[in-house]
Amino acid sequence: MPGRKNAYYPRPIMLDIKYIRENTEAVRKAIRDKGLSCDLDRLLAVDDRRRQIQQEADGLRGRSNELSSQVGLYKNPKSKWYQEAIAKGMSPEAIKAEGDALQAESASIKQRIKELEDEERATAEEFRALMLTVPQVPSAKTPIGRDASGNVEVRRVGEPRKFDFEPKDHVQLGTALGILDIERGVKLAGTRNYLLRGAGSLLHHAVLRLAMDTIIGRGFEPVTVPILVRDEMMYGTGYYPGGEEQAYRCERDEKSLVGTAEVSLTAMYGDEILDEDMLPVKLAAVSTCFRREAGAAGKDTYGIYRIHYFDKVEQVVLCRADEAESEKYHHEIIANAEAVLQALELPYRVMAVCTGDMGQGKVEMYDIETWMPSRGDYGETHSASRFGEFQARRLNLRYKGADKKTRFCHTLNNTVIASPRILIPILELYQNVDGSVTVPKALRAYMSGMERIEARG
RNA sequence: GGAGAGGUGGCUGAGUGGCUUAAAGCGACGGUUUGCUAAACCGUUGUACGGGCUAAUACCUGUACCGGGGGUUCGAAUCCCCCCCUCUCCGCCA
């Protein structure tokens with residue numbers, strides 16, 4: 001691992017300022033479509049001023065360097081210049097006088113440089129703050145809309161089950177079967193916590209194993225990653241600033257518990273330059289995910305839909321800076337997730353997420369929603385995003401191409417499976433009239449051949 | 001947690017205040033030679049942000065960068081302060 005350089009955060013880079021200068025209208029439209037506030041005109045003005053200051057300061061620094069090296073000659077009797085001057089008949093006193101004069105000029109330049117540096121600092125700070133608010137420009141395919149209601153269904157696979165009896169929800173089923181214990185979870189850790197027991201715990205591990213085996217079979221490298229990471233990684237992947245309230249942050253250590261292994265996987269090559277022939281890098285990790293769910297008070301409080309901790313298999317792709325390639329892998333990671341849902345024989349639909357619902361950093365985003373009988377609707381179980389170079393810029397994640405040029409990678413990620421949320425449709429759709437639950441065929445191998453979960457005697 | 005040693009270009013490694021635009025070597029790239037390979041010889045060599053000229057990420061040019069930040073000085077890789085990281089040993093612990 002190469003040493004970390006300029007390891008401060010947040011990194012000021014978002015989009016390329018040159019891109020913003022040259023594509024102002026596209027960025028302006030992105031701000032509008034994503035419903036964000038970002039003072040682009042102010043940003044451009046600050047950028048302008050920033051460059052003026054740099055020009056003046058650089059010029060003065062150049063002059064100052066020149067003076068310093070001259071003073072060095074005047075002050076050093078051993079220098080070639082000094083000896084030549086003496087040989088030409090200059091007196092040491094005359095030399096000293098000239099040297100002092102240069103020194104005086106240098107001092108006055110330094111004064112002006114100091115002023116400029118103060119202004120430079122202030123301008124850079126405002127510049128950075130403004131840059132942090134500039135959104136990634138969404139792809140042309142992205143539907144334009146204000147919120148989730150603007151999302152567009154792309155396709156629907158499988159049929160929601162029609163029951164010939166009154167179905168129970170996952171809490172009723174899981175509690176009666178003794179595989180889900182919300183009360184004791186709350187006793188241990190507060191609201192939005194739970195225990196999975198016996199076959200419930202087995203089922204949880206089985207879906208994770210199925211997901212891992214599926215994704216490994218599709219060429220992804222399994223990685224075990226830290227889930228308490230430096231805050232810098234949260235900035236790098238775009239969760240900070242803005243998402244601090246959603247994360248469990250360990251202030252003392254300036255580290256945060258990740259809400260997804262995407263953070264660790266995407267950031268793991270940060271500050272490195274990869275060889276182009278290493279790409280694409282395809283990684284997958286299973287990790288526990290922690291979410292404070294601040295601002296969601298009272299929302300989805302029932303059951304295990306929205307909870308403070310869960311386990312998730314996440315897939316991440318780092319690829320070349322090529323729009324078509326990035327789109328190709330986006331389709332691939334969505335297909336990977338669909339393969340798992342199809343193996344589990346769960347009905348789902350794929351939604352194109354609209355501009356207002358997709359988040360600042362994303363170029364294109366699709367959610368997969370799985371049918372959940374208790375909600376009488378599809379519920380989000382997967383989220384597939386591509387970021388262009390947004391995350392790579394913040395992480396300083398680059399590659400060297402065959403043409404010797406260094407570029408920022410493109411990054412993408414998607415859920416493979418998240419449990420226990422996925423247990424909601426599994427329990428509810430595989431329930432039997434007697435309250436037992438049939439184990440999906442694809443999971444039986446991971447549960448010692450168990451075919452049916454029944455209440456314990 | 002305690003004690004010590006260190007952080008210099010892709011890598012190794014010189015450099016304790018100014019003719020240092022960071023030596024030298026390795027590697028990489030280009031070229032010459034060569035039946036091919038190898039060897040030899042010659043040349044090139046990073047990043048970021050600006051400016052000029054542009055079809056250009058080509059070329060010319062400025063500044064900054066020797067772990068990070070601050071200080072002393074006309075001038076800092078070099079001196080001072082704070083922080084971070086790595087390594088070694090000890091302690092504690094899963």
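Letters A, B, ... mirror the listed sequences (proteins, then strands); counts begin at 1. What you see below is based on every heavy atom in this structure, not just the backbone, and it leaves out hydrogens, waters and symmetry mates.
- Taking atom C1' on both nucleotides, B:U21 is separated from B:A77 by 15 Å, rounded to a whole Å.
- One side chain, A:His308 or A:Tyr248, offers a donor N or O that lies under 3.5 Å from an acceptor on the other.
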* Would you check, one step at a time, whether the test salt bridge (Lys or Arg N to Asp or Glu O under 4.0 Å) holds for A:Arg21 with A:Asp47? => CA-CA 9 Å; A:Arg21 285 202 287 260; A:Asp47 174 49; 2.6 Å; yes

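- Checked by atom type, the side-chain pair A:Gln391/A:Thr237 shows no donor-acceptor distance below 3.5 Å.
- Remark: A:Arg209 is not positioned above the aromatic ring of A:Tyr446, lacking an NZ or CZ atom under 6.0 angstrom from the ring centre and at most 45 degrees off the axis.
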* To do: Apply the test side chain to side chain contact (heavy atoms under 4.5 Å, CB included) to residues A:Val137 and A:Val363: give CA-CA distance (whole Å), side-chain angles for both, the deciding distance (0.1 Å), then the verdict.
  => CA-CA 6 Å; A:Val137 177; A:Val363 173; over 6 Å; no

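- B:A22 and B:A64 have their C1' atoms separated by 15 Å, with the value rounded to a whole Å.
- In this structure, the CG atom of A:Asn396 is 19 Å from the P atom of B:C65, given to the nearest Å.
- The pair A:Lys282-A:Glu332 counts as a salt bridge, with a side-chain nitrogen and a carboxylate oxygen less than 4.0 angstrom apart.
- Stem analysis of RNA chain B (Watson-Crick or G-U pairs, both distances under 3.5 Å, runs of at least three) returns B:1-7 with B:84-90, B:10-12 with B:24-26, B:27-32 with B:40-45, B:46-52 with B:59-65, B:67-71 with B:79-83.
- Only the P atoms considered, B:C36 is 36 Å distant from B:A23, to the nearest whole Å.
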* Which letter, B, S or -, goes with each nucleotide of nucleotides 79-84 of chain B from 5' to 3', with contact meaning a protein heavy atom under 4.0 Å? -> ------

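- Applying the side-chain contact (heavy atoms from CB on, under 4.5 Å) test between A:Val258 and each of A:Cys289, A:Pro226, A:Ser264 identifies A:Ser264 as the sole match.
- Residue A:Lys110 places at least one side-chain N or O closer than 4.0 Å to OP1 or OP2 of B:G75.
- B:A38 and B:G27: their P atoms are spaced 13 Å apart (whole Å).
- Taking atom P on both nucleotides, B:C60 is separated from B:U45 by 10 Å, rounded to a whole Å.
- In this structure, A:Arg32 does not pair ionically with A:Glu25, as no charged nitrogen and carboxylate oxygen lie closer than 4.0 Å.
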* Asked: If the sugar-phosphate is the primed atoms plus P, OP1 and OP2 and the base is the rest, what is the B/S/- string for nucleotides 47-64 of chain B, using protein heavy atoms under 4.0 Å?
  -> SSBSS-----BS---BSS

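- A cation-pi arrangement is not found for A:Arg386 relative to A:Tyr329, the charged atom failing to lie both closer than 6.0 Å to the ring centre and inside a 45° cone about the ring normal.
- Contacts of A:Ser68 with the nucleic acid, taken as non-hydrogen atoms under 4.0 Å apart, include base atoms.
- In terms of position on RNA chain B, the residue among A:Ala107 and A:Ser69 whose nearest nucleotide sits closer to the 5' end is A:Ser69.
- Annotation: B:G9 and B:U47 have their P atoms spaced 14 Å apart (nearest Å).
- Across B:C49 and B:U32, the matching C1' atoms stand 39 Å from one another, rounded to whole Å.
- Salt bridge annotation for A:Glu119-A:Arg49: present, with a cationic side-chain nitrogen under 4.0 angstrom from a carboxylate oxygen.
- Comparing B:C80 with B:A94, their P atoms sit 43 Å apart, to the nearest whole Å.
- Separating the CZ atom of A:Arg121 from the P atom of B:G69 is a distance of 11 Å, rounded to the nearest angstrom.
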